[in-house]
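Basis for what follows: all heavy atoms, side chains included, without hydrogens, waters or symmetry-related copies. Labels below follow one simple rule: chain letters A, B, ... track the order of the sequence lines, proteins then strands, and each chain is numbered from 1.
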There are 4 protein chains.
Amino acid sequence: MEELEKKAGGRPRSDQAHQAILQATMEVLKRDGYRAMTIEAIAACAGVGKKTIYRWWSSKAEVALETLTTYVEMHVPFQDTGSLEGDLLTHLKLALPGLAGPSGALLRGLVAESLLNEDFAHEFQRLFIIPRRAELVVLLKRGIQRGELPSEVDPEVLADQVYGAKWYRFLLYPAPLDDNYAHTLVNHILLLSKQDQ
Amino acid sequence: MEELEKKAGGRPRSDQAHQAILQATMEVLKRDGYRAMTIEAIAACAGVGKKTIYRWWSSKAEVALETLTTYVEMHVPFQDTGSLEGDLLTHLKLALPGLAGPSGALLRGLVAESLLNEDFAHEFQRLFIIPRRAELVVLLKRGIQRGELPSEVDPEVLADQVYGAKWYRFLLYPAPLDDNYAHTLVNHILLLSKQDQ
Amino acid sequence: MEELEKKAGGRPRSDQAHQAILQATMEVLKRDGYRAMTIEAIAACAGVGKKTIYRWWSSKAEVALETLTTYVEMHVPFQDTGSLEGDLLTHLKLALPGLAGPSGALLRGLVAESLLNEDFAHEFQRLFIIPRRAELVVLLKRGIQRGELPSEVDPEVLADQVYGAKWYRFLLYPAPLDDNYAHTLVNHILLLSKQDQ
Amino acid sequence: MEELEKKAGGRPRSDQAHQAILQATMEVLKRDGYRAMTIEAIAACAGVGKKTIYRWWSSKAEVALETLTTYVEMHVPFQDTGSLEGDLLTHLKLALPGLAGPSGALLRGLVAESLLNEDFAHEFQRLFIIPRRAELVVLLKRGIQRGELPSEVDPEVLADQVYGAKWYRFLLYPAPLDDNYAHTLVNHILLLSKQDQ
DNA sequence: GTTTAATCGAGACGGTACGTCGAGTCTTACG
DNA sequence: CGTAAGACTCGACGTACCGTCTCGATTAAAC
């Protein structure tokens with residue numbers, strides 16, 4: 001039931017090479033940073049011809065995108081803990097630590113790429129930004145239904161405020177993104193419904 | 001009393017060349033986009049030697065940064081309209097339109113650059129991100145003092161939520177950034193104080 | 001009847017700068033070699049503006065040519081010792097040592113320049129090559145008149161053979177140019193008249 | 001038995017590019033002269049990337065040297081005609097005409113280069129100057145053995161006188177280098193043995 | 001004594017070519 | 001036929017000097 005529409009004979013795609021490339025991407029990234037990372041370096045590090053990379057991806061951004069989704073595969077799930085506060089805190093506390101370290105660097109590089117290349121931006125949004133945001137919106141709507149948020153709030157805009165705050169500090173504003181921050185942020189969201197205390 | 005530590009002679013910097021470079025930067029940006037914009041193209045378009053650019057700036061990002069601050073010089077002031085709602089709405093409605101068009105493209109390029117180059121990131125934050133954010137914080141603190149916001153909100157985090165939402169849509173999430181959006185966003189902020197309705 | 005059509009006042013040429021430039025040329029030559037020697041380096045080393053050099057010379061080759069004639073001023077005279085053998089040996093033994101050391105390097109550079117630039121070649125020939133060769137021809141003609149050489153030899157071609165041998169080794173063929181060589185060369189010339197031994 | 005130390009695969013060197021570069025070198029030389037000839041112009045004229053030139057040669061002088069040896073490959077052989085006079089005349093009459101025209105310009109440029117760059121000088125001597133001089137020495141020694149020259153002449157110094165005269169006129173002294181000159185020069189050499197006429 | 005004009009050091013200017021780098025494409029031989 | 005190796009064309013990089021052009025500051029002869 002898988003996609004086995006390969007025509008006929010010929011050597012099949014080498015999974016070994018595939019894995020070596022993704023792994024080499026991470027290594028070169030850690031060694032040189034995203035900007036200095038080149039297809040040539042990845043190929044050399046993976047012991048692979050450049051053509052083998054270009055056959056399966058169209059740019060270093062595409063390789064990096066797959067590396068991100070493969071290597072991180074988002075250890076950051078959305079869960080239903082029973083309360084909006086729990087849902088948000090759990091999610092954010094899992095999400096923030098990963099932003100330091102290599103996967104954060106990778107993410108910053110991919111955002112940069114999406115800002116410089118509209119085609120890649122669509123890809124990046126489709127595979128990364130939009131799905132995760134959609135889950136956050138679901139979580140917030142659940143909070144509204146539970147009565148934890150006033151019904152007049154717009155969950156779309158509220159999602160922007162939550163993720164926006166996180167991304168703003170991650171991408172632009174040099175200030176810490178720690179558990180303390182997560183608590184304050186969630187408190188601000190919950191304050192919206194503290195009308196009749 | 002000023003810094004007049006210039007040693008002696010030498011031909012003074014040509015303001016004509018200086019202006020021509022900033023202008024050419026905008027033209028090439030519009031023509032080719034930020035990524036494809038090169039120092040060589042800027043030099044050619046300005047009728048200037050490459051050395052003249054490298055003498056005063058260290059990269060295309062630095063030129064672009066000065067072009068942004070010079071050419072836009074922020075038609076987007078912060079004003080005290082007497083109410084938090086007025087302050088926020090006025091500011092946002094002025095800020096959002098500029099994000100479409102060439103200055104938006106320039107801004108996206110500069111953010112990308114700051115994500116790829118830590119040194120430039122500091123420069124960009126120092127000259128652009130931090131000062132503007134500081135003004136927003138002042139505006140929010142004024143709202144707290146006036147009693148338009150509950151005293152337990154953290155103006156720093158609230159600023160992240162406002163600017164974060166704006167930047168998130170501008171940089172990452174493909175959804176409109178219009179006056180309607182500004183109203184909803186401001187409403188969410190003001191909802192924080194609707195406790196005794 | 002001379003060209004003293006200078007209009008009027010104005011600061012006169014600084015002899016101090018003039019000398020400093022010639023001296024700096026020798027220093028830079030020794031430090032960097034002829035090829036790497038630049039007008040900019042000479043100006044910097046002499047503590048002089050580039051314009052001051054370009055005002056009086058048109059290229060580094062012209063400066064070097066004047067430096068050569070000034071600093072060497074030909075310690076290599078032609079003398080009438082009474083015999084062809086004495087004339088030739090005296091001249092060659094004086095000429096050869098100078099070809100090692102900085103003045104040799106300068107000379108090589110000037111020859112290179114004259115090979116690359118036809119205009120400079122004329123200048124170089126006029127001021128250096130032709131006058132010295134003419135003196136050698138005089139010396140050889142004197143030898144013919146004295147009967148030290150057979151009357152059928154062409155002094156022009158014979159001069160080429162003497163100076164040619166010297167220049168050939170100096171410019172092209174890596175072999176010593178010492179007193180021993182001078183003796184053998186002179187012997188070959190004198191052999192032409194050993195017909196009736 | 002041969003030098004087959006090539007490791008393994010990889011696209012082989014393009015002979016088409018190789019030939020195009022040598023040919024373009026001659027064209028640009030004719031068009032612009034040696035000094036104004038640049039690697040960029042050669043690359044453009046050959047329809048080749050600059051990298052391809054720098055991959056195989058280290059400077060325009062190296063390209064020019066190979067162009068000289070390839071394109072001229074010396075239509076100027078040394079032959080044993082049975083007499084010293086014949087040998088010398090034949091050789092010189094073949095050698096002199098090539099010194100006018102483009103190959104002469106190339107040769108002048110290469111000499112200039114060798115005067116400005118010691119490393120290249122060694123290369124130039126090894127591949128061009130020394131082998132040809134060696135053949136001339138062989139020719140002269142043959143003359144001595146045949147008794148056409150007195151046994152006390154030094155063939156090394158005599159070679160300098162022959163080639164020196166030629167190079168002197170070619171490089172330094174602006175006078176014709178024609179068949180007439182060849183005859184006079186050879187006569188001077190032969191005069192050495194006219195002792196018992 | 002002022003004026004006048006050419007000089008001086010300094011260094012920015014518009015250019016050209018340098019030699020390097022990486023992108024993305026192509027040609028081999030091997031398995 | 002997919003692959004590793006690596007040569008190919010292309011074009012921007014940032015540097016170095018070129019020869020020219022301001023500057024403000026000398027400097028002497030001419031007025």
CG-CD1 distance between A:Asp32 and A:Ile42, expressed to the nearest 0.5 angstrom: 9.5 Å

OG1-NE2 distance between A:Thr70 and A:His18, expressed to the nearest 0.5 angstrom: 6.5 Å

Dump every N/O contact between nucleotides 25-27 of chain F and the protein below 3.5 Å, one line per pair.
unit_1 : atom_1 : unit_2  : atom_2 : d
F:dT26 : O2     : C:Arg11 : NH1    : 3.1

Close side-chain approach of C:Thr38 and C:Lys60, heavy atoms under 4.5 Å: no

Touch class at under 4.0 angstrom, heavy-atom based, for B:Trp56 against every strand present: sugar-phosphate

B:Ile42 CD1 to F:dC13 C1', straight-line distance once rounded to whole Å: 13 Å

Separation of E:dC18 P from C:Arg35 CZ (nearest whole Å): 11 Å

For atom CG of C:Asp15 and atom P of F:dA28, their distance in whole Å: 12 Å

5'-most by nearest nucleotide on DNA chain F - C:Ala41 or B:Ile39: B:Ile39

Taking distance alone, no hydrogens or angles, what donor-acceptor pairs closer than 3.5 Å link side-chain atoms of residues 43-58 of chain D to residues at least two apart or in another chain?
unit_1  : atom_1 : unit_2  : atom_2 : d
D:Lys50 : NZ     : D:Glu40 : OE2    : 2.7
D:Trp57 : NE1    : D:Glu66 : OE1    : 2.9

Closest-nucleotide ordering on DNA chain E, the 5'-leading residue of C:His18 and D:Glu40: C:His18

Chi angles and distances behind the side-chain contact (heavy atoms from CB on, under 4.5 Å) call for C:Thr69, C:Leu127: CA-CA 9 Å; C:Thr69 59; C:Leu127 291 176; 5.6 Å; no

Spatial distance of atom CG (A:Leu106) from atom CG (A:Leu29) [nearest 0.5 Å]: 5.5 Å

Most 5' of A:Ala36 and D:Met37 on DNA chain E, judged by nearest nucleotide: D:Met37

Exercise: identify the closest heavy-atom pair between D:Arg108 and D:Leu171: CG-CD2, 4.1 Å

OG1 on B:Thr67 to CD on B:Glu62, rounded to 0.5 Å: 11.0 Å

Pairwise side-chain contact, D:Phe128 with D:Leu68, heavy-atom cut-off 4.5 Å (strictly under): yes

Without placing hydrogens or testing angles, list every side-chain donor-acceptor pair under 3.5 Å for residues 113-124 of chain D, not counting sequence neighbours.
unit_1   : atom_1 : unit_2   : atom_2 : d
D:Glu113 : OE1    : D:Tyr34  : OH     : 2.4
D:Glu113 : OE2    : C:Arg35  : NH1    : 3.0
D:Glu113 : OE2    : C:Arg35  : NH2    : 2.5
D:Ser114 : OG     : D:Val111 : O      : 2.9
D:Asn117 : OD1    : D:Asp119 : N      : 3.0
D:Asn117 : OD1    : D:Phe120 : N      : 3.1
D:Glu123 : OE1    : D:Arg126 : NH2    : 3.3
D:Glu123 : OE2    : D:Arg126 : NH2    : 3.4

Close approaches to DNA chain F from residues 114-123 of chain C, in residue order (heavy atom, under 4.0 Å): none

Near-strand residues of residues 48-55 of chain C, defined as heavy-atom separation under 4.0 angstrom from DNA chain F: C:Lys50, C:Lys51, C:Tyr54

Whole angstrom value for the distance that separates C1' of E:dT16 from NZ of D:Lys60: 13 Å

Between E:dA29 (C1') and D:Arg13 (CZ): distance, integer Å: 20 Å

For residues 19-27 of chain D, dump all side-chain donor-acceptor pairs below 3.5 Å to protein atoms at least two apart in sequence or in another chain.
unit_1  : atom_1 : unit_2  : atom_2 : d
D:Thr25 : OG1    : D:Ile21 : O      : 2.7

Distance, rounded to the nearest Å, where A:Asp32 contributes CG and E:dG22 contributes C1': 13 Å

